[in-house]
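Source: prediction; values computed, not measured. Computed over heavy atoms, backbone and side chain alike; hydrogens, waters and symmetry mates excluded. Read the numbers this way: they start at 1 and go in the same order the structure lists the ligands and their atoms.
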Amino acid sequence: MTASVRQVLDEKGSRVHAVPPGASVYEALELMAQHDIGAVVVAEGECLAGIFTERDYARKVILQGRTSRDTRVGELMTPNVLTVSPSQTMDDCMQLMTENRVRHLPVVERGRLVGIVTIGDAVKTVIAEHEATIRQLSSYIAGDLAS
Ligand code: AMP
């Protein structure tokens, strides 16, 4: 995969849905449902404080008998966030996500949060690149057979 993170963000946009650490888990889930996403970034002003995903909800709220309205996102978020920069490739992202078993990577440029890439973006990129290769090979074969 040769596409860069910047190219993917240019295509899908750089909108990042974030909540403050003091938001309730319920509010985070509402935001996820509203935007059809599986994670929210936790930010304190401009500062990336953590990430909270559906997996955190399943394991740290439901399975531990907590309630989403009475639990703050800041209590359960993962604080040490793995990030990428826009100049990295989607290959780097795929490797990081696979090795660390995460599906979301916030994108940070000069200390500022500028987007997020997900496992879904990586899969889409692989499929698009495979389709382009197939098209190139098909036209090469068709051209070769015609000559
Ligand atoms: P996910 O597969 O993205 O739902 O995340 C699985 C677990 O890893 C959850 O506990 C998340 O909070 C955490 N997580 C997700 N993305 C990241 C990331 N970029 N850096 C650190 N932890 C993460």
Pairs under 3.5 Å, nitrogen or oxygen of ligand 1 with protein nitrogen or oxygen:
| from | atom 1 | to | atom 2 | distance (Å) |
| --- | --- | --- | --- | --- |
| ligand 1 | 2 (O) | Arg103 | N | 3.3 |
| ligand 1 | 2 (O) | Arg103 | NE | 2.7 |
| ligand 1 | 2 (O) | Arg103 | NH2 | 3.4 |
| ligand 1 | 3 (O) | Arg103 | N | 2.9 |
| ligand 1 | 3 (O) | His104 | ND1 | 2.7 |
| ligand 1 | 4 (O) | Thr53 | OG1 | 2.9 |
| ligand 1 | 4 (O) | Arg103 | NH2 | 2.9 |
| ligand 1 | 10 (O) | Asp56 | OD1 | 2.4 |
| ligand 1 | 10 (O) | Thr78 | OG1 | 3.4 |
| ligand 1 | 12 (O) | Asp56 | OD1 | 3.3 |
| ligand 1 | 12 (O) | Asp56 | OD2 | 2.5 |
| ligand 1 | 12 (O) | Thr78 | OG1 | 2.7 |
| ligand 1 | 16 (N) | His104 | O | 3.2 |
| ligand 1 | 19 (N) | Leu82 | O | 2.9 |
| ligand 1 | 19 (N) | His104 | O | 2.7 |
| ligand 1 | 20 (N) | Leu82 | N | 2.7 |

(message) Which residues pass the ring pair (Phe, Tyr, Trp, His ring centres under 6.0 Å) test with His17, not counting sequence neighbours?
(response) His35

(request) Would you check if the side chain of Glu11 reaches a backbone N or O of Val8 as a donor-acceptor pair within less than 3.5 Å? (result) no

Can I get a per-line list of side-chain donor-acceptor pairs under 3.5 Å for residues 46-62, giving both atom names and the distance, sequence neighbours left out?
| from | atom 1 | to | atom 2 | distance (Å) |
| --- | --- | --- | --- | --- |
| Thr53 | OG1 | Arg55 | N | 3.2 |
| Asp56 | OD1 | Lys60 | NZ | 3.1 |
| Asp56 | OD2 | Thr53 | N | 2.9 |
| Lys60 | NZ | Leu76 | O | 2.8 |

(request) List for me each residue that meets side chain to side chain contact (heavy atoms under 4.5 Å, CB included) alongside Gln95, sequence neighbours excluded, and say none if there are none. (result) Glu99

(message) Within this structure, what is the OG1-NE2 distance for the pair Thr125 and His130, rounded to the nearest 0.5 Å?
(response) 11.0 Å

(request) Specify the closest pair of heavy atoms between Val41 and Pro106, including all atoms of both residues, with the distance to one decimal. (result) CG2-CG, 4.1 Å

